[in-house]
Undergrad: 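Have a look at the structure that comes next, please.
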Amino acid sequence: MGTVRTRFAPSPTGFMHLGNLRSALYTYLYAKHNGGRFILRIEDTDQARYVPGAVDVIYNTLRGIGIRWDEGPDIGGEYGPYVQSERKDLYLPYAKQLVEAGKAYYCFCTKDELDERRAESEKKGEVWKYDKHCLNLPKEEVERRIAAGEPYVIRQNVPESGEASFDDIIYGHISVDCSELDDMILIKADGMPTYNFANVIDDHTMGITHVMRGNEYLASTPKYNLLYEAFGWEKPVYIHMTPIMRDAQHKLSKRDGDAYYEDYISKGYLSEAIVNYVALLGWNPGDEREFFTLPELEKAFSVEGMSKSPAIFDPAKLTWMNQQYIKNLSEEDFTRYAMPYYKQAGVDGMNTSILFKCLHERVDVFTAIPGIVGFLTSLPDYDISLFTNKKSKTDPGIAASVLDLAIPALENLPAWDETAVHDLLLGMAQERGMKNGTMLWPVRIALAGQEVTPGGAIEIAMLIGREESLRRLHAGREKLREAGY
RNA sequence: GGCCCCGUGGUCAAGCGGUCAAGACAUCGCCCUUUCACGGCGGUAACAGGAGUUCGAUUCUCCUCGGGGUCACCA
């Protein structure tokens with residue numbers, strides 16, 4: 001076989017959720033791993049469902065995760081056009097070719113008639129299948145009715161018996177009896193091809209060698225193969241992919257708004273982390289590695305590692321992975337990502353190196369930053385019970401004396417830098433034979449006004465500066481005094 | 001309902017006839033530590049059920065059960 005060509009063929013009907021994203025990713029990875037080409041095709045044969053701007057969402061999402069396509073609507077290619085509505089004149093001749101060969105036929109049954117017959121058979125508890133009502137219409141009658149402007153569709157003529165089958169790379173041989181298959185519509189009354197037909201024609205005329213798509217098409221693929229056979233075309237290799245589930249019984253879907261790629265980005269997730277996590281949902285490299293860049297995925301990807309069963313999306317693990325990526329960010333990159341949130345919290349004027357030191361190992365999602373650093377800009381109204389900590393051997397009484405010691409010493413400190421404050425505070429603790437915690441806990445509480453903080457007393461003192469630190473320390477001392485300490 | 005597919009801990013997932021059934025997330029405990037977090041160590045936790053094939057089944061076959069998909073002039 002020649003060059004591998006795969007395609008991602010979304011319909012512009014909404015947004016890209018993580019399931020779509022992963023399908024695109026795997027399709028891309030398969031092509032790239034095999035030195036092939038990845039094609040982007042827009043399937044918009046259903047005008048009624050067209051959503052303006054949806055194509056841009058597709059472009060932006062793919063670009064956002066670093067996928068580049070070798071051929072597509074915006075960049076063209078030798079198999080264009082890459083938008084189905086622009087190829088609409090292409091399909092009818094192929095359908096007619098099938099009619100000539102007896103593999104398809106014109107059908108004049110109206111939708112109403114069909115609904116009626118369908119309802120009738122369902123009432124009898126039967127499974128409805130098109131009854132081939134129009135299959136044997138005389139040629140002259142067909143021509144006369146077409147000439148008279150009567151609406152028609154073209155249907156595939158599926159054999160009444162025999163086996164239709166195909167081989168799937170992941171699922172193996174799948175076969176179904178032709179009697180189970182319906183004579184599906186190829187060309188709709190509006191002259192447009194159905195998705196099924198357009199898909200086959202496009203995949204063939206675009207030279208797609210590996211058809212990768214969701215496994216909801218598993219059941220209809222035998223029909224596609226019948227079409228390939230009717231045309232005498234070489235069949236593509238099929239690779240059906242599992243869906244990503246929200247829970248055991250529901251796929252991630254457009255209804256789950258938070259499953260959109262863009263939403264995760266705006267929630268403070270890193271594109272690289274999303275790609276990495278999603279790639280591992282339904283595929284494994286065969287070894288213990290779990291961190292992959294896109295290029296590394298291109299190298300490692302193989303269908304052997306693809307799962308046959310659906311995977312449930314686990315937000316907790318995505319968050320964990322995001323944290324791993326954030327942890328490994330350089331100070332510069334971290335600060336760039338964090339800056340909008342610094343601004344939001346009003347800490348953008350503070351020392352970003354110290355912020356980085358305090359935050360980069362604890363932030364799992366960037367949007368969490370304002371909540372974590374809020375105390376830096378405004379001192380929370382806290383209770384003196386916070387001064388009590390067993391392990392640090394401190395309570396309000398001890399805190400009062402520690403602050404009486406620390407405040408004047410800090411006020412007299414010539415330089416306000418990390419080393420100076422550190423040496424001063426710890427030096428005092430050592431002199432008096434107290435635990436570091438006994439010294440630092442009260443200071444930190446007075447400085448922060450909350451029990452849990454990023455960074456310790458010294459970092460906080462640096463961040464908020466000398467003046468504010470002293471003000472807060474005095475306030476803390478005052479608070480204790482009011483309580484009788 | 002017919003047909004097709006799937007079924008290892010809460011989740012992802014290795015395993016492809018012989019393993020004390022990996023690893024990761026989550027969870028619990030301990031340690032480190034000026035809090036939290038990070039990190040380190042350890043624990044709890046799974047082959048859906050039943051027949052068969054075999055000296056031996058998580059692995060192969062069949063049935064049951066469970067879940068999903070599909071049966072449109074939607075894609």
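The chains referred to below are lettered A, B, ... by the order of the sequence lines, with proteins before strands, and numbering in each begins at 1.
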Undergrad: Looking only at the side chain of A/Arg118 (C-beta and beyond, no hydrogens), which of the listed nucleotides B/rU70, B/rU34, B/rC73 gets closest?
TA: B/rC73

Undergrad: State which of B/rA24, B/rG69, B/rA72 makes the closest approach to the side chain of A/Glu290.
TA: B/rA24

Undergrad: With a 4.0 Å limit, can you tell me whether A/Lys223 has a side-chain N or O closer than that to the phosphate oxygens OP1/OP2 of B/rC71?
TA: no

Undergrad: How far, in whole Å, is B/rG50 from B/rC55 if one measures between their C1' atoms?
TA: 22 Å

Undergrad: Given the side-chain rings of A/Phe313 and A/Tyr277, with only the six-membered ring counted for Trp, is the space between their centroids under 6.0 Å?
TA: yes

Undergrad: Report the C-alpha distance between A/Glu43 and A/Asn199 in whole Å, list the side-chain angles of each, state the deciding distance to 0.1 Å, and finish with yes or no for side-chain hydrogen bond (donor to acceptor under 3.5 Å, both in side chains).
TA: CA-CA 8 Å; A/Glu43 308 219 333; A/Asn199 219 260; 3.1 Å; yes

Undergrad: Of the nucleotides B/rA22, B/rC12, B/rU35, which has the atom closest to the A/Trp441 side chain?
TA: B/rU35

Undergrad: Could you check how far CG of A/Leu252 sits from P of B/rC12, rounded to whole Å?
TA: 13 Å

Undergrad: Any side-chain N or O of A/Asn284 less than 4.0 Å from the OP1 or OP2 oxygen of B/rA14?
TA: yes

Undergrad: Suppose you measure atom C1' in B/rG7 against the same atom in B/rC63; what distance do you get, rounded to whole Å?
TA: 15 Å

Undergrad: Counting heavy atoms from C-beta on, name the nucleotide in B/rC38, B/rU34, B/rG69 closest to the side chain of A/Gln323.
TA: B/rC38

Undergrad: Could you tell me how far B/rG69 sits from B/rC73 if I compare only their C1' atoms? Round to whole Å.
TA: 22 Å

Undergrad: If you only use heavy atoms from C-beta on, which nucleotide in B/rU34, B/rC73, B/rA75 is closest to the side chain of A/Val153?
TA: B/rC73

Undergrad: Mind checking who B/rG17 pairs with, Watson-Crick or G-U wobble, both distances under 3.5 Å?
TA: none

Undergrad: Hey, is the side chain of A/Lys188 poking within less than 4.0 Å of OP1 or OP2 on B/rC74, counting only N and O atoms?
TA: yes

Undergrad: Measure the distance from CG on A/Asp247 to P on B/rG66 and round it to the nearest whole Å.
TA: 18 Å

Undergrad: Can you tell me how far P of B/rA72 sits from CG of A/Leu181, to the nearest Å?
TA: 12 Å

Undergrad: Can you tell me how far P in B/rC28 sits from the matching atom in B/rA37, rounded to whole Å?
TA: 11 Å

Undergrad: Go through B/rG10, B/rA75, B/rG69 for me and flag the one nearest to the A/Ser11 side chain.
TA: B/rA75

Undergrad: Return the pairing partner of B/rG1 with a 3.5 Å limit on both distances, Watson-Crick or G-U wobble; otherwise return none.
TA: B/rC71

Undergrad: Rounding to the closest angstrom, what is the interatomic distance between B/rC20 and B/rU35 at atom P?
TA: 43 Å

Undergrad: Hey, which of these two, A/Gly286 or A/Ala316, hits RNA chain B nearer its 5' end, going by closest nucleotide?
TA: A/Gly286

Undergrad: Can you see whether A/Tyr224 has A/Arg213 sitting over its ring - NZ or CZ less than 6.0 Å from the centre and within 45° of the normal?
TA: yes

Undergrad: Below the 4.0 Å mark, does B/rA37 have OP1 or OP2 next to a side-chain nitrogen or oxygen of A/Lys357?
TA: no

Undergrad: For B/rC60 versus B/rC5, give the span between their P atoms, rounded off to a whole number of Å.
TA: 15 Å

Undergrad: Can you tell me, in whole Å, how much space there is between the C1' of B/rG68 and that of B/rC30?
TA: 43 Å

Undergrad: In whole angstroms, how far is the P atom of B/rA37 from the CD1 atom of A/Ile372?
TA: 12 Å

Undergrad: Take atom CG of A/Asp314 and atom P of B/rU27, then tell me their distance rounded to the nearest Å.
TA: 10 Å

Undergrad: Rounded to whole angstrom units, what separation is found between the NZ atom of A/Lys317 and the P atom of B/rC25?
TA: 7 Å

Undergrad: Taking only the side-chain nitrogens and oxygens of A/Lys111, find out if one of them lies under 4.0 Å from OP1 or OP2 of B/rC73.
TA: no

Undergrad: Between A/Phe292 and A/Trp283, is the ring centre distance below 6.0 Å?
TA: yes

Undergrad: Across all strands, who's sitting opposite B/rA57 as a Watson-Crick or G-U wobble pair, both distances under 3.5 Å?
TA: none

Undergrad: Could you measure between the two P atoms, the one in B/rA24 and the one in B/rG49, and give it in whole Å?
TA: 26 Å

Undergrad: In whole angstroms, how far is the P atom of B/rC25 from the CG atom of A/Asp364?
TA: 14 Å

Undergrad: Among B/rU35, B/rC5, B/rC3, which nucleotide has an atom closest to any side-chain atom of A/Tyr171?
TA: B/rC5

Undergrad: What is the separation between atom NZ on A/Lys435 and atom C1' on B/rU35, rounded to the nearest whole Å?
TA: 12 Å

Undergrad: How far apart are the C-alpha atoms of A/Tyr337 and A/Tyr269, what are their side-chain angles, what is the distance that settles it, and do they pass the ring pair (Phe, Tyr, Trp, His ring centres under 6.0 Å) test?
TA: CA-CA 10 Å; A/Tyr337 281 114; A/Tyr269 287 83; over 10 Å; no

Undergrad: Among B/rU70, B/rC73, B/rG1, which is the nearest nucleotide to the side chain of A/Ala189?
TA: B/rC73

Undergrad: Measure from the side-chain heavy atoms of A/Ile174 and tell me the nearest of B/rU11, B/rC4, B/rA26.
TA: B/rC4

Undergrad: Do A/Tyr217 and B/rA75 have a side chain to base donor-acceptor pair shorter than 3.5 Å?
TA: yes

Undergrad: With no angle test and no hydrogens, is the base of B/rU33 tied to the side chain of A/Lys391 by a donor-acceptor pair under 3.5 Å?
TA: yes

Undergrad: Mind telling me whether A/Tyr130 and A/Trp128 have parallel, tilted or perpendicular rings, with 30° and 60° as the class edges?
TA: perpendicular

Undergrad: Which residue, A/Ala311 or A/Leu440, contacts RNA chain B at a nucleotide closer to its 5' end, judged by nearest heavy atom?
TA: A/Ala311

Undergrad: At less than 3.5 Å, do the side-chain atoms of A/Arg444 and the base atoms of B/rU34 form a donor-acceptor pair?
TA: no

Undergrad: Write down the partner of B/rC25 under the Watson-Crick or G-U wobble criteria, each distance required to be under 3.5 Å.
TA: B/rG10

Undergrad: Indicate whether OP1 or OP2 belonging to B/rG67 is found under 4.0 Å from a side-chain N or O atom of A/Ser309.
TA: no

Undergrad: Aromatic ring centroids of A/Tyr171 and A/Phe166 under 6.0 Å?
TA: no

Undergrad: Quick one: which of B/rG68, B/rC73, B/rU34 gets closest to the side chain of A/Gln249?
TA: B/rG68

Undergrad: Does atom NZ (A/Lys393) have a neighbourhood of more than 12 heavy atoms from anything else shown, all under 6.0 Å?
TA: no

